[in-house]
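Read through the structure below, which is laid out as structure tokens, and then see the notes.
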Amino acid sequence: MTAETHQHLSVSLNGVDNVGKTTQLAWLHRGMPDAHLVGTVDAWDSRWREVAAGDFAHWWFVGSTTAEHVELMLGSHVARRDASGPLALEDRGLPMLRATCAATAALKEGLSPTKALRLVDRLATDLPAAAPRREVHVLLRRSGDPAREAAEALRREPRPANERYAAYQRTLADTLSVQVERGDYHAVLDVGDAPILEVQRTLRSHLADAGVTVEPLPNDVLDRLWVLGGMSESGKSTVGELLRDEHGVTRLKIGYLVEVAALRAGVTDPYKRWSEREQAERLTDEILRFIETTKARTISLESAHRFEATAHLKRVWGDRCQVVYVDADTTVRASRAAESESRLRGRDATKRERGADRIAEIADHLIDNSGSLGALKLALSRIASTVDLPRVTLHASGPVTQSGWLGQATDHMCDEQVALVLATGSTGTTSWRDGWSDLDLLVVRDTAPAAWLRDVAGTLPAPDGIKVGLSVFTTADIDALRVPPRVVQSLRRAAQGVGVLYRRADHLLPVPAAAHGDRTSRGELGLVLMTTRRLLATDQPDVRALHKHLVLLAKILLRADGHDLHDADDVLTAFREFHPAAECTPPELSDLIRHPGDPVLRGQLVDATDQLLTYLDRLDHTTVRTSE
């Protein structure tokens, strides 16, 4: 946009109360450093102070005439426009001011929104107009339904609204809807419950499309922003270290990022100069710059001491921001401190003044760190593993094979504490092969005491000649994904209805992401390699076990490639296609099933497995270079 155009431009944000106009404008201003943030009209006419000194609500809704109300509103707009710089940012532009007058007139005089707008337009023709310039009016709304829009505005009021104000908001929403139909706004952004950051990004994009010069926000790929709060010596730093070391989270300090933001803005004391809301937004700007440079996907922030800044950070980022409040008994915290108890109390008092203790009220996760490091690791692992997972309601699906035994087994296992019974692996599917495959069951129960394991799980009858594998996990295990890779895959398949024999009505199952399945599979690679080599070390390897490990190794590599297959034949076919350099050609599974003792087939299987192990070693040496 040229400088000549800038001399005649005003941008306004409009909408019902509590839709975020003022917040968005303040942030937008930081992306338009040459703009003049002129704010609302009441700052530009001294008569507003006189009105506010009395019963303001009475003057607004009762004491003033519609003509007086319109004259003050539009006259103040003219004064604001006359004092505006070349590029002005207005909190409520001319269309919104007219809507406000019309909604008030509708209540006073019993008019419809349409008739009230006509009345205001007619009165405005006799009043001085603002100096002409190019205008861009943007309407923010949470819903296209005026009733819902008003309800959302009222829901966000800090205190319950009286009926007159509630009626005004409903009428204002109706009036804005009429204006939208008339085309009074250049852009209408339906923000819904979108986080502040998303709305700001959309707003800047729309303004740029309209030819307004505005700095775009850096793109971000952030999946999760962990914000760690708690009192002194509660263990916030330990949690940050565990998130970094065990879960790959990038660890940052709030204080450092705010200092960087202050240096960038030329501010000496950001905590005095900026409100807590602005601190959160400036902090977000620095996080976005960091993400753009590093492509970090998960970040932890230490340490959240200020309540309003933390609450606003949640509003800025939405669900991507997860606040973790770390708590511990006072005596435990005192025992961890390297300072005197009085000094610890002094630090706590400072934090309480900032509202640090109140962060527990808005935290997404509360961790009691009064116990051992092991307990903390388990609690944190559960949070980090499950916070992003969708949960599904499953429906029992009839297995294709062994339906009689599977039904009996399910009846044998089920009681009021059993939440889920799954047929896993090839069990219950067309991939199951008589004389070769096992019958594998997964049982999820609220508790799994030794007595139940012995008396129920341990007495599950097995069909003649078939090996039965029963795995038992608690609901806490499943929620925290404390399970091996094969169970992760079973949970993913269960989400598609595969293998579900029984589900308790109240049980929602987490659905691990494909990336989680890949990570856990590669994490078990060392164990699989060790076991495979043990099998190869015998004079006559167990053909069945060796083939299963060969398939498992191929599955792990294919999952790393983004291919998630289950049937053994499909796995080996895909492996030959995507990894031809392995030169791994085992005998056909059907031949091994028919002739399990054939020494030639066994030798071919051993050679194929040896080739695959050699290929894995080559991959490690060709993809990693270590300097001398």
Side-chain angles (χ1 to χ4, degrees), residues 195-197 222-258 271 276-277 279-281 283-284 287 298-337 339 341 344-389 476 479-480:
I196 292 171
L197 174 58
L222 195 69
D223 294 324
R224 176 66 57 215
L225 179 66
W226 299 102
V227 180
L228 310 181
M231 302 305 286
S232 304
E233 304 300 333
S234 59
K236 300 182 293 298
S237 295
T238 303
V239 169
E241 291 171 357
L242 290 173
L243 284 172
R244 179 195 62 199
D245 297 341
E246 298 193 354
H247 302 281
V249 177
T250 301
R251 185 183 177 196
L252 297 175
K253 297 284 189 177
I254 291 176
Y256 169 75
L257 292 176
V258 172
Y271 298 105
E276 291 197 19
R277 290 190 173 209
Q279 290 171 34
E281 292 163 11
L283 176 63
T284 294
I287 294 170
T298 54
I299 289 174
S300 71
L301 294 179
E302 304 166 42
S303 299
H305 293 168
R306 291 169 168 81
F307 175 80
E308 184 53 40
T310 307
H312 195 57
L313 201 63
K314 284 172 62 69
R315 293 189 289 268
V316 167
W317 287 91
D319 291 338
R320 286 194 288 173
C321 176
Q322 295 281 303
V323 175
V324 179
Y325 188 84
V326 187
D327 199 6
D329 292 338
T330 303
T331 53
V332 173
R333 293 194 294 114
S335 69
R336 293 171 179 165
E339 59 197 351
E341 188 172 342
L344 178 66
R345 286 197 301 269
R347 284 203 289 150
D348 279 352
T350 300
K351 288 183 173 67
R352 287 193 181 92
E353 289 175 3
R354 299 169 179 169
D357 55 329
R358 294 177 54 210
I359 292 175
E361 302 169 9
I362 59 171
D364 300 283
H365 311 280
L366 296 172
I367 294 180
D368 184 356
N369 189 29
S370 301
S372 66
L373 178 61
L376 177 62
K377 288 181 177 180
L378 288 174
L380 190 60
S381 179
R382 178 173 184 176
I383 291 172
S385 298
T386 61
V387 71
D388 290 320
L389 296 181
D479 284 344

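- Closest of all the heavy-atom pairs between Ala356 and Ala304 is CB-O, 4.5 Å.
- Residues Val316 and Cys321 fail the side-chain proximity criterion, which asks for heavy atoms closer than 4.5 Å.
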Stepwise side chain to side chain contact (heavy atoms under 4.5 Å, CB included) test for Asn369 and Arg336
CA-CA 12 Å; Asn369 189 29; Arg336 293 171 179 165; 3.3 Å; yes
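- Looking at Arg320, its side chain never comes within 3.5 Å of a backbone N or O of Asp223 through a donor-acceptor pair.
- A search for salt bridge (Lys or Arg N to Asp or Glu O under 4.0 Å) contacts involving Arg347 returns Glu233, Glu339, not counting sequence neighbours.
- Among all heavy-atom pairs drawn from Ala476 and Arg382, the shortest one is CB-NH1, 4.5 Å.
- In this structure, CH2 on Trp226 lies 15.0 Å from CG on Leu252, to the nearest 0.5 angstrom.
- Of the inter-residue distances, the one linking Met231 atom CE with Asp357 atom CG reads 5.5 Å to the nearest 0.5 angstrom.
- Closest approach of Ser370 and Ala328 over heavy atoms only: OG-CA, 3.4 Å.
- Within the model, atoms OG1 of Thr330 and CG of Leu344 stand 8.5 Å from one another, a figure rounded to the nearest 0.5 Å.
- Heavy-atom neighbours of Asp319 CG from other residues, nucleotides or ligands within 6.0 Å: at or below the threshold of 12.
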Leu301 vs Tyr256, side chain to side chain contact (heavy atoms under 4.5 Å, CB included): CA-CA, chis, key distance, verdict
CA-CA 10 Å; Leu301 294 179; Tyr256 169 75; over 6 Å; no
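- The side chain to side chain contact (heavy atoms under 4.5 Å, CB included) check on Arg345 picks up Glu341, Ser342, with sequence neighbours excluded.
- Side-chain contact check for Thr238 versus Leu373: some heavy-atom pair is nearer than 4.5 Å.
- Side chain to side chain, Glu276 and His312 fail the donor-acceptor criterion of an N or O pair below 3.5 Å.
- Side-chain atoms of Lys314 never come within 3.5 Å of backbone atoms of Ala363 as a donor-acceptor pair (strictly under, hydrogens ignored).
- Going from atom CG of Leu243 over to atom CD1 of Ile299 covers 12.5 Å, rounded to the nearest 0.5 Å.
- When each of Ile367, Val239, Ile359 is tested with Leu228 by the rule side chain to side chain contact (heavy atoms under 4.5 Å, CB included), just one qualifies, namely Val239.
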Run the numbers on Asp327 and Leu366 for side chain to side chain contact (heavy atoms under 4.5 Å, CB included), then give the verdict.
CA-CA 7 Å; Asp327 199 6; Leu366 296 172; over 6 Å; no
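- Nearest heavy atom pair, residue Ser237 against residue Lys253, reads OG-NZ, 4.2 Å.
- Atom CD1 in Ile383 sits 9.5 Å away from atom NE2 in His247 (nearest 0.5 Å).
- Here the CG atom belonging to Leu197 is positioned 9.5 Å from the CD1 atom belonging to Ile287, to the nearest 0.5 angstrom.
- Here the shortest heavy-atom pairing between Glu302 and Gly240 reads OE2-CA, 3.5 Å.
- Across every non-hydrogen atom of Ser300 and Val249, the tightest pair is N-CG1, 3.4 Å.
- Applying the salt bridge (Lys or Arg N to Asp or Glu O under 4.0 Å) definition to pairs two or more places apart or across chains, those involving residues 366-377 are Glu246-Lys377.
- A salt bridge is absent between Glu281 and Arg315: the closest approach of a Lys/Arg side-chain nitrogen to an acidic carboxylate oxygen does not fall below 4.0 angstrom.
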For Val227 and Trp317, what are the C-alpha separation, side-chain angles and deciding distance, and is it a side chain to side chain contact (heavy atoms under 4.5 Å, CB included)?
CA-CA 11 Å; Val227 180; Trp317 287 91; over 6 Å; no
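- In this model, a donor atom of one side chain and an acceptor atom of the other lie less than 3.5 Å apart for Asp348 and Ser232.
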